2 protein chains.
Amino acid sequence: MESNNDKPSTPTNAGSTGSPGTQAQAKGFQAVRKAHQSEIVEDYVELISDLIEQCGEARPVDIASHMGVTQPTVVKNLARLQRDGFITREKYRSIFLTKTGADLANICRHRHRIIVAFLLHLGLDAETAEHDAEGLEHHVSNKTLAAFEAALEK
Amino acid sequence: MESNNDKPSTPTNAGSTGSPGTQAQAKGFQAVRKAHQSEIVEDYVELISDLIEQCGEARPVDIASHMGVTQPTVVKNLARLQRDGFITREKYRSIFLTKTGADLANICRHRHRIIVAFLLHLGLDAETAEHDAEGLEHHVSNKTLAAFEAALEK
DNA sequence: TCCTAAAGTTAGCCATGGCTAATCTTCTAT
DNA sequence: ATAGAAGATTAGCCATGGCTAACTTTAGGA
């Protein structure tokens, strides 16, 4: 599982039969798939950052209960985060965010807050706003995020 | 791959150590993971429905180019759609949506259009609106969708 | 101190959803 | 009518991200 194989590999024939709009649509779907790959990373670094602030450290058991997954799943994903340079750690020891990880966490937290504020601004209840923001935050482009911010100022 | 095993299986210990808010957060993440499972289904039935309307039929080669994936990937996913009751088909023959599939397609199309309209209403360009809607549409609750609609009427 | 419970880890399973290579069908144009 | 191209399928690979079961380490209390 640790073979660094790097295989996103856009299909060679993608868009070959495509009419003008088809390729744009294909790129859209590909972007969504790419977003999915970063979601776990973003969710983890954001949560780890929060836990370190609130509790002084981010224990796998707490990450697991916040994410609603089992500890082995957390361990596996932490290994990926470490492999990809977002955290550092040693067996049985604390988790630290790298600069990359901490920066990403801040960006995510910022985006998350804007989306929640925007949804509240639309009149939604706090619970729905939080819930939907969790799903939306990975799919909002910078342009749209800016539009959300602009709407808040009015 | 065709063993109907049904294994979503919420972790038995989920939220065990959790403080009050923790469980809500965990449920949120679980909901996002569940949404991911339906995404492909929704994207496919929506696209199939569009293709049937526009071209008279939905060929795997066209689905592939619209989705930006290879034909074998399409075939594999069509097998799942068939297994789960959204389409009917025979080898080398046309694809038909079941009632379930067609209904789902309509719901998705409706949601998609509202989101695009809402993003345009916010002042975004058509391309960004389309692009972001693709990612957002699977993560917008009915409440939020209603709020989007309400905002459009003003 | 030392024993036990909690936390962390490893191993191994499974479904999903990508891909390529190779094969098989269908269709079309000569 | 048939050959070759286009489309569809199969087989097989891989990474991801879930899970359980079993084991190891750590840490805390008697």
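Every value quoted in this text rests on a predicted model; they were computed, and no experiment measured them. Keep in mind that the numbers below use all heavy atoms, side chains included, and drop hydrogens, waters and symmetry copies. So that the names make sense, note that chain A is the first sequence line, chain B the second, and so on, each numbered from 1.
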Residue-phosphate contact under 4.0 Å: B:T70 side-chain N/O, C:dC19 OP1/OP2: yes
Length of the NZ-C1' vector between A:K34 and C:dG18, whole Å: 16 Å
Linked hydrophobic residues, B:L120 as query - side chain contacts closer than 4.5 Å: B:V116
Under 4.0 angstrom between A:T73 side-chain N/O and D:dC19 OP1 or OP2: yes
Distance, rounded to the nearest Å, where A:H36 contributes NE2 and D:dG18 contributes P: 12 Å
Side-chain donor-acceptor contact under 3.5 Å, B:S65 with B:D62: no
Residues clustering with A:F96 (ILVMFWY side chains joined when closer than 4.5 Å, directly or via others): none
Which pairs would a plain distance check flag for residues 132-140 of chain A, meaning a side-chain donor or acceptor within less than 3.5 Å of a matching protein atom at least two apart in sequence or in another chain?
residue : atom : partner : partner atom : Å
A:D132  : OD1  : B:S141  : OG           : 3.3
A:D132  : OD2  : B:S141  : N            : 2.9
A:D132  : OD2  : B:S141  : OG           : 2.7
A:D132  : OD2  : B:T144  : OG1          : 2.5
A:E137  : OE1  : A:H112  : ND1          : 2.9
A:E137  : OE2  : A:H112  : ND1          : 3.4
A:H138  : ND1  : A:E42   : OE1          : 2.8
A:H138  : NE2  : A:D43   : OD1          : 2.9
A:H139  : NE2  : A:E39   : OE2          : 3.1

Whole-Å distance separating the CG atom of A:D43 from the P atom of D:dT16: 16 Å
Distances under 3.5 Å between nitrogen or oxygen atoms of protein and nucleotides 8-10 of chain D:
residue : atom : partner : partner atom : Å
D:dA8   : OP2  : B:V61   : N            : 2.7
D:dT9   : OP1  : B:R89   : NH1          : 3.4
D:dT9   : OP1  : B:R89   : NH2          : 3.2
D:dT9   : OP1  : B:Y92   : N            : 3.1
D:dT9   : OP2  : B:R89   : NH1          : 3.3
D:dT9   : OP2  : B:R89   : NH2          : 3.3
D:dT10  : OP1  : B:K91   : NZ           : 3.4

Gap between atoms CD and C1', on B:Q82 and C:dT16 respectively (whole Å): 18 Å
A:Q37 CD - D:dG18 C1' separation (whole Å): 17 Å
Length of the CZ-C1' vector between A:R33 and C:dC19, whole Å: 11 Å
Side-chain cluster (under 4.5 Å, hydrophobic types only) that B:V32 belongs to, other residues: none
Between P of C:dG8 and CD1 of A:I63, the distance in whole Å: 9 Å
B:I40 CD1 - C:dA15 C1' separation (whole Å): 12 Å
Pairs meeting criterion side chain to side chain donor-acceptor pair (under 3.5 Å) with involvement of residues 96-106 of chain A, two or more places apart: A:K99-A:D103, A:N106-A:R109
